[in-house]
Amino acid sequence: MPNLTASTPTVTPVHRDPAEVAPSESYRPADPVWVYKDGWRAGIIEAASPRAVTVTYQPSNHRGTGVDTFTAPYVTFRADSAPDLDQRGLRLVRRSPLT
């Protein structure tokens, strides 16, 4: 079971306890996460590999989004709600096959 962070993390990636950093391959598409990009930002996992994750995130306090790749120390599971992103995550899970 992932350790969900209920509020914005306060520790920068370089100061995180390595024992508390989940491996990047433990994330799945549509997982809600926090990512560190000039501060912690709400995000949604797009893809994961053994080396990194690709995340859609809100780079600032507006509705726009960015997509970037992060290594494990820069990502943690998120329990807080981010309505704009979380609705997008539901669409990722509910994709219909192409016809």
Side-chain angles (χ1 to χ4, degrees):
M1 182 69 167
N3 181 15
L4 297 176
T5 303
S7 60
T8 307
T10 57
V11 177
T12 61
V14 296
H15 293 105
R16 289 182 68 193
D17 179 354
E20 294 181 7
V21 176
S24 58
E25 67 259 17
S26 68
Y27 295 98
R28 299 291 175 253
D31 280 350
V33 294
W34 292 107
V35 296
Y36 193 85
K37 179 87 173 195
D38 299 323
W40 289 101
R41 313 290 183 195
I44 294 288
I45 297 289
E46 297 285 340
S49 76
R51 296 186 61 156
V53 295
T54 301
V55 180
T56 296
Y57 65 99
Q58 290 182 300
S60 61
N61 293 330
H62 56 76
R63 292 181 55 135
T65 58
V67 178
D68 212 336
T69 303
F70 299 89
T71 56
Y74 290 80
V75 183
T76 190
F77 287 98
R78 170 176 57 86
D80 274 357
S81 175
D84 293 335
L85 290 172
D86 294 343
Q87 292 302 316
R88 185 179 190 295
L90 289 174
R91 289 192 300 274
L92 285 173
V93 172
R94 295 180 184 160
R95 285 187 180 166
S96 299
L98 297 174
T99 54

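- S24 places a side-chain N or O within donor-acceptor distance of the main-chain N or O of P50, the cut-off being under 3.5 Å.
- Between V11 and W40 the shortest heavy-atom distance is O-NE1, 3.0 Å.
- A pairwise comparison of heavy atoms in Y36 and T12 identifies OH-CG2, 3.7 Å as the closest pair.
- Looking at every heavy atom in both residues, A52 comes nearest to T69 through CB-CG2, 3.6 Å.
- The side chain to side chain contact (heavy atoms under 4.5 Å, CB included) search around A48 returns Y27, V53, not counting sequence neighbours.
- With sequence neighbours left out, T10 forms a side chain to side chain contact (heavy atoms under 4.5 Å, CB included) with no residue at all.
- From Y74, atom OH reaches atom CZ of R41 across 14.5 Å, with rounding to the nearest 0.5 Å.
- Every residue two or more places apart in sequence or in another chain that forms a side chain to side chain contact (heavy atoms under 4.5 Å, CB included) with P23 is listed here: E25, S26.
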Between V55 and K37, is the side-chain contact (heavy atoms from CB on, under 4.5 Å) condition met? List the steps. CA-CA 11 Å; V55 180; K37 179 87 173 195; over 6 Å; no

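- In this structure a side-chain-to-backbone donor-acceptor pair under 3.5 Å is missing from R78 to W34.
- Annotation for G66 and P59: closest pair N-CD, 3.7 Å, computed over non-hydrogen atoms.
- In this structure, I45 is a member of the same hydrophobic cluster as F77, with clusters built from ILVMFWY side-chain heavy atoms closer than 4.5 Å.
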